[in-house]
Amino acid sequence: MNFESYVKVLSISKILSANDTGETGGHQAGILIPKTGEILPFFPQLGIETKNPRAKLRFIDSSEEEWDFMFIYYNNKFYNGTRNEYRLTGMTAFIREYNLKAGDKIILSRESDGRKLIKHERSQTNDSESVLKLGSSWKVVKI
DNA sequence: AGCCATGCACCG
DNA sequence: CGGTGCATGGCT
């Protein structure tokens, strides 16, 4: 038994980009997973032994609905390509279900029993476009 | 490193 | 044949 190898990171989150939600018109091929030491250990280890390795992950959302996402390591950099990044694909149905937009956040977490949960959080100032265009002296005030 | 974009295969 | 997602290239 090797307790050290057991996953230590139990909860991660990501703010959706415009491309993640499909707002840019791109055929969405999955949200990008940053290669930081915090985020990556949450997912199964995928190496460069094989090209574009993947693992199917089942998540349960706040309404007990199950979602199967595919965690893929696009590593063709090591196979005469230029890619070297991780993506979580197959999320468009989920994004659509909850009408998530750029700036919104998804939270992935793992229970001690191994179940994986997915939650979402709408951005506070839920007007990603106008917020970006606001002058610096303007603020959105909630009444 | 991360986000944007697209050709193609597949499937209804 | 239109939508979807993979795999990949490109841009910032």
Side-chain angles (χ1 to χ4, degrees), chain A residues 2 4-142:
Chain A
N2 184 354
E4 294 300 317
S5 68
Y6 202 69
V7 184
K8 296 159 191 145
V9 177
L10 301 179
S11 179
I12 63 173
S13 71
K14 177 169 199 301
I15 295 178
L16 267 25
S17 71
N19 198 41
D20 290 337
T21 62
E23 291 173 72
T24 56
H27 324 175
Q28 223 233 325
I31 75 172
L32 184 110
I33 306 297
K35 291 199 294 280
T36 63
E38 319 279 282
I39 307 297
L40 223 41
F42 177 85
F43 295 98
Q45 282 86 18
L46 297 176
I48 60 173
E49 297 77 28
T50 61
K51 186 180 176 181
N52 297 352
R54 64 205 58 211
K56 194 178 83 171
L57 303 176
R58 171 159 294 179
F59 288 90
I60 302 168
D61 73 11
S62 36
S63 30
E64 297 297 321
E65 199 168 341
E66 295 187 343
W67 302 89
D68 285 333
F69 302 137
M70 196 68 78
F71 178 59
I72 307 178
Y73 180 25
Y74 286 103
N75 64 359
N76 76 10
K77 177 180 185 179
F78 307 96
Y79 295 85
N80 294 324
T82 60
R83 279 321 85 178
N84 181 26
E85 62 195 34
Y86 296 86
R87 287 212 180 115
L88 192 61
T89 73
M91 297 190 70
T92 44
F94 177 82
I95 287 168
R96 229 170 255 178
E97 172 99 4
Y98 294 101
N99 206 351
L100 301 180
K101 299 297 180 200
D104 292 345
K105 185 162 57 171
I106 57 170
I107 302 105
L108 305 177
S109 60
R110 187 195 305 267
E111 301 290 276
S112 49
D113 61 5
R115 293 197 317 155
K116 291 177 284 301
L117 307 183
I118 181 167
K119 302 174 200 249
H120 57 93
E121 207 173 89
R122 295 194 75 91
S123 66
Q124 301 293 20
T125 56
N126 196 356
D127 229 330
S128 55
E129 290 189 67
S130 49
V131 166
L132 293 174
K133 288 171 185 165
L134 282 177
S136 53
S137 58
W138 287 88
K139 277 187 176 176
V140 175
V141 180
K142 297 270 181 182

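Source: prediction; values computed, not measured. Chain naming here is simple, since letters A, B, ... match the order of the sequence lines and numbering starts at 1 in each.
Side-chain atoms of A:Ser17 lie closest to B:dC3 of the nucleotides B:dA1, C:dT8, B:dC3. In this structure, the nucleotide among B:dC4, B:dG2, C:dG5 sitting nearest to the side chain of A:Lys35 is B:dG2. Considering only side-chain atoms of A:His27, the nucleotide from C:dA7, B:dT6, B:dC3 that sits closest is B:dT6. Comparing B:dC4, C:dT8, B:dG2 against the side chain of A:Thr24 picks out B:dC4 as the nearest.
In this structure, A:Leu16 atom CG and B:dG2 atom C1' are separated by 14 Å, rounded to whole Å. Protein atom CD1 of A:Ile31 is 17 Å distant from nucleotide atom C1' of C:dT4, rounded to whole Å. Distance CG (A:Leu32) to P (C:dT8): 16 Å, rounded to an integer number of Å. The interatomic distance linking A:Tyr86 (OH) with B:dC3 (P) rounds to 16 Å, in whole Å. The interatomic distance linking A:Asp68 (CG) with C:dG5 (P) rounds to 13 Å, in whole Å. In this structure, the CD atom of A:Glu23 is 15 Å from the C1' atom of B:dA5, given to the nearest Å. In this structure, the OH atom of A:Tyr74 is 19 Å from the P atom of B:dA1, given to the nearest Å. When rounded to the nearest whole Å, the span between CZ of A:Arg83 and C1' of C:dG10 equals 8 Å.
Ion pairing between A:Lys119 and A:Glu121 fails under the 4.0 Å rule for side-chain N and carboxylate O.
A:Lys77 has no side-chain polar atom (N or O) that falls below the 4.0 Å cut-off from OP1 or OP2 of C:dA7. At least one side-chain nitrogen or oxygen of A:Arg54 sits closer than 4.0 Å to the OP1 or OP2 atom of C:dA7. Of the side-chain N and O atoms in A:Asn75, none sit less than 4.0 angstrom from OP1 or OP2 of C:dA7. Residue A:Asn76 has a polar side-chain atom (N or O) positioned under 4.0 Å from OP1 or OP2 of C:dG9. For C:dC6, the OP1/OP2 oxygens have no side-chain nitrogen or oxygen of A:Lys51 closer than 4.0 Å. For C:dG9, one of the phosphate oxygens OP1 or OP2 lies less than 4.0 angstrom from a side-chain nitrogen or oxygen of A:Thr82.
A distance of 6.5 Å separates CZ of A:Arg54 from CE of A:Met70, quoted to the nearest 0.5 Å. We find the CZ-CD1 distance between A:Arg58 and A:Ile60 to be 8.0 Å, quoted to the nearest 0.5 Å.
Ring orientation note: the planes of A:Phe94 and A:His120 are nearly perpendicular, at an angle over 60° on the 30°/60° scale.
In summary, the side chains of A:Glu23 and A:Thr21 do present a donor paired with an acceptor at a separation below 3.5 Å, with no hydrogens or angles considered. When only modelled atom types and interatomic distance are considered, A:Tyr98 and A:Asp61 share a side-chain donor-acceptor pair under 3.5 Å.
Applying a 4.0 Å cut-off to non-hydrogen atoms, the residues of residues 87-100 of chain A that approach DNA chain C are A:Arg87, A:Thr89, A:Thr92, A:Arg96, listed by residue number.
Each of A:Met70 and A:Asn80 was assigned the nucleotide of DNA chain C with the nearest heavy atom; the assignment lying further toward the 5' end belongs to A:Met70. Comparing A:Gln28 and A:Asn52 against DNA chain C, the residue whose closest nucleotide sits nearer the 5' end is A:Gln28.
Side-chain contact check for A:Lys14 versus A:Leu88: every heavy-atom pair is 4.5 Å or farther apart.
For A:Asp68, the CG atom counts as densely surrounded, since its 6.0 Å shell holds more than 12 non-hydrogen atoms of other residues, nucleotides or ligands.
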